[in-house]
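Quick caveat: nothing in here was measured; it's all calculated off a predicted structure.
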Amino acid sequence: PDEKTGVWTRGTEKFILNKEEGPLFFHLVSKDRAGNLSREAACVRILIDREAAPPEMSSPTHPDQDRFYSVRDVQITLAPPQDLSGVEGYYYCVDTDPKTVPNPDLAQVTRATSEPRISLHSLEEGVWYCHVVTRDKAGNVGRRAAHYRIQIDTSVGPVRCRCLTEPEPSRWIHASEVQIEWEGSDEVSGIAGYYYIFDEEASTVPDPHRGTYTEKTRTTFEVRDDGI
């Protein structure tokens with residue numbers, strides 16, 4: 001600095017920095033009573049980092065946020081944001097509110113590593129949200145959070161079915177066709193469909209390998225032989 005480009009001062013000054021983030025340099029020369037300026041300037045570098053952006057979130061165990069999963073243990077991977085001072089760690093919490101911003105005094109903490117990850121164990125059925133804010137090496141804690149939705153459903157309700165051809169199961173019938181109707185219930189993710197088998201065993205449990213899949217709630221069977 002010189003008499004044309006510098007700011008003259010005789011004592012302490014307060015400066016307002018108009019730069020949001022990044023490096024700044026403060027340059028200083030002295031002037032003696034004879035009017036001479038020092039030939040070399042003193043210099044101070046100032047590194048400014050005002051904000052910690054949220055990370056990007058993904059999950060190897062629950063990759064689709066619009067899907068329900070039957071697994072209660074969840075792994076969430078964090079991709080660090082771009083940050084001038086670098087990421088020191090993250091604060092996170094889990095609840096049912098999609099917009100929560102973690103409070104550093106109450107939230108869990110995970111440190112920044114080469115592959116930062118959050119492990120959640122034994123979540124109950126329902127829709128959950130994992131919220132994460134970043135803490136950087138300048139001491140900033142993010143004001144904006146990243147949110148990841150986790151949907152868990154580990155059981156399905158019972159199915160009720162009845163014979164429309166003859167509602168009373170103790171009566172014999174002579175019909176060549178039998179019509180069956182059913183209904184199921186699932187309060188968490190809802191019913192996607194059903195598997196059924198028509199045979200002569202009372203204890204058969206249909207599954208994807210042996211049953212026939214349908215999304216309907218009624219079907220008709222042709223009866224060719226006598227029996228139960």
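Minimum heavy-atom separation, Gln75 to Ser59: O-OG, 2.6 Å. Across Ser85 and Asp83, no two heavy atoms sit closer than the pair OG-OD1, 2.9 Å. In this structure, Tyr196 and Thr219 approach most closely via the heavy-atom pair OH-OG1, 4.1 Å. Here the closest non-hydrogen pair linking Asp186 and Ser155 is OD2-O, 2.9 Å. Contact detail for Val74 and Thr61: the closest heavy-atom pair is CA-OG1, 3.6 Å. The nearest pair of heavy atoms linking Pro102 to Val132 is CG-N, 4.1 Å.
Linking Ile, Leu, Val, Met, Phe, Trp and Tyr residues whenever their side-chain heavy atoms come within less than 4.5 Å leaves Val188 and Val159 in two separate clusters. Linking ILVMFWY side-chain heavy atoms closer than 4.5 Å, directly or via other members, places Phe68 and Tyr194 in two distinct hydrophobic clusters. Residues Ile46 and Leu28 share a single hydrophobic cluster, defined by chaining ILVMFWY side chains whose heavy atoms lie under 4.5 Å apart. Tracing side-chain contacts under 4.5 Å through hydrophobic residues (I, L, V, M, F, W, Y), one never reaches Trp128 starting from Val71; they form parts of separate clusters. Grouping the Ile, Leu, Val, Met, Phe, Trp and Tyr side chains by contacts below 4.5 angstrom, directly or via other members, places Phe198 with Ile173.
Atoms CG and CD, from Leu120 and Gln108 in turn, are 9.5 Å apart once rounded to the nearest 0.5 Å. Lys216 NZ to Trp182 CH2: the interatomic distance, rounded to the nearest 0.5 Å, is 9.5 Å. Distance OG1/Thr165 to CZ/Arg171: 13.5 Å, rounded to 0.5 Å. From Arg72, atom CZ reaches atom NE2 of His62 across 10.5 Å, with rounding to the nearest 0.5 Å. Here the NE2-CG distance, from His121 to Asp73, works out to 6.0 Å after rounding to the nearest 0.5 Å. Note that CD1 of Ile76 is 9.0 Å distant from OG of Ser58, once rounded to the nearest 0.5 Å.
Two residues are said to be in side-chain contact when any heavy atoms from C-beta on lie closer than 4.5 Å; Cys43 and Phe26 fail this criterion. You'll find the side chain of Thr134 reaches within 4.5 Å of the side chain of Pro81, heavy atoms only. The shortest side-chain heavy-atom distance between Glu125 and Glu187 does not fall under the 4.5 Å cut-off. In this structure, Met57 and Cys130 have side chains that are in contact, with non-hydrogen atoms separated by less than 4.5 Å. Residues Val133 and Tyr90 form no side-chain contact, since every pair of their non-hydrogen atoms from C-beta on lies 4.5 Å or further apart. Residues Ile150 and Ile152 are in side-chain contact: their nearest non-hydrogen atoms beyond the backbone lie under 4.5 Å apart. Taking 4.5 Å as the limit, some side-chain heavy atom of Pro63 sits within range of a side-chain heavy atom of Tyr69.
Judged by distance alone, the side chain of Asp136 and the main-chain N or O of Gly86 form no donor-acceptor pair under 3.5 Å.
With respect to Glu183, the salt bridge (charged side-chain N to carboxylate O under 4.0 Å, His left out) criterion is satisfied by exactly one of Arg160, Arg218, Arg162: Arg160.
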Verdict with reasoning, Ser30 to Leu37, per side chain to side chain contact (heavy atoms under 4.5 Å, CB included)
CA-CA 6 Å; Ser30 60; Leu37 296 178; over 6 Å; no
Phe25/Val44 under side chain to side chain contact (heavy atoms under 4.5 Å, CB included): CA gap, chis, key distance, verdict:
CA-CA 6 Å; Phe25 296 90; Val44 175; over 6 Å; no
How far apart are the C-alpha atoms of Tyr91 and Arg135, what are their side-chain angles, what is the distance that settles it, and do they pass the side chain to side chain contact (heavy atoms under 4.5 Å, CB included) test?
CA-CA 7 Å; Tyr91 295 104; Arg135 178 184 175 88; 3.7 Å; yes
Could you walk me through whether Ile180 and Val178 pass the side chain to side chain contact (heavy atoms under 4.5 Å, CB included) check?
CA-CA 7 Å; Ile180 307 292; Val178 176; 3.8 Å; yes
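Under 3.5 Å, the side chains of Glu201 and Ser203 contain no donor-acceptor pair of N or O atoms. Judged by distance alone, the side chains of Asp95 and His131 do bring a donor and an acceptor atom under 3.5 Å apart.
Residue Gln179 places its CD atom among more than 12 non-hydrogen atoms of other residues, nucleotides or ligands, all under 6.0 Å distant. The local environment of CD in Glu115 is sparse, with at most 12 non-hydrogen atoms from other residues, nucleotides or ligands closer than 6.0 Å.
Under the 6.0 Å cut-off for aromatic ring centres, His147 and Tyr129 do not qualify, their centroids lying 6.0 Å or more apart. Aromatic rings of Tyr92 and Tyr148 (six-membered ring for Trp) have centroids beyond the 6.0 Å cut-off, not under it.
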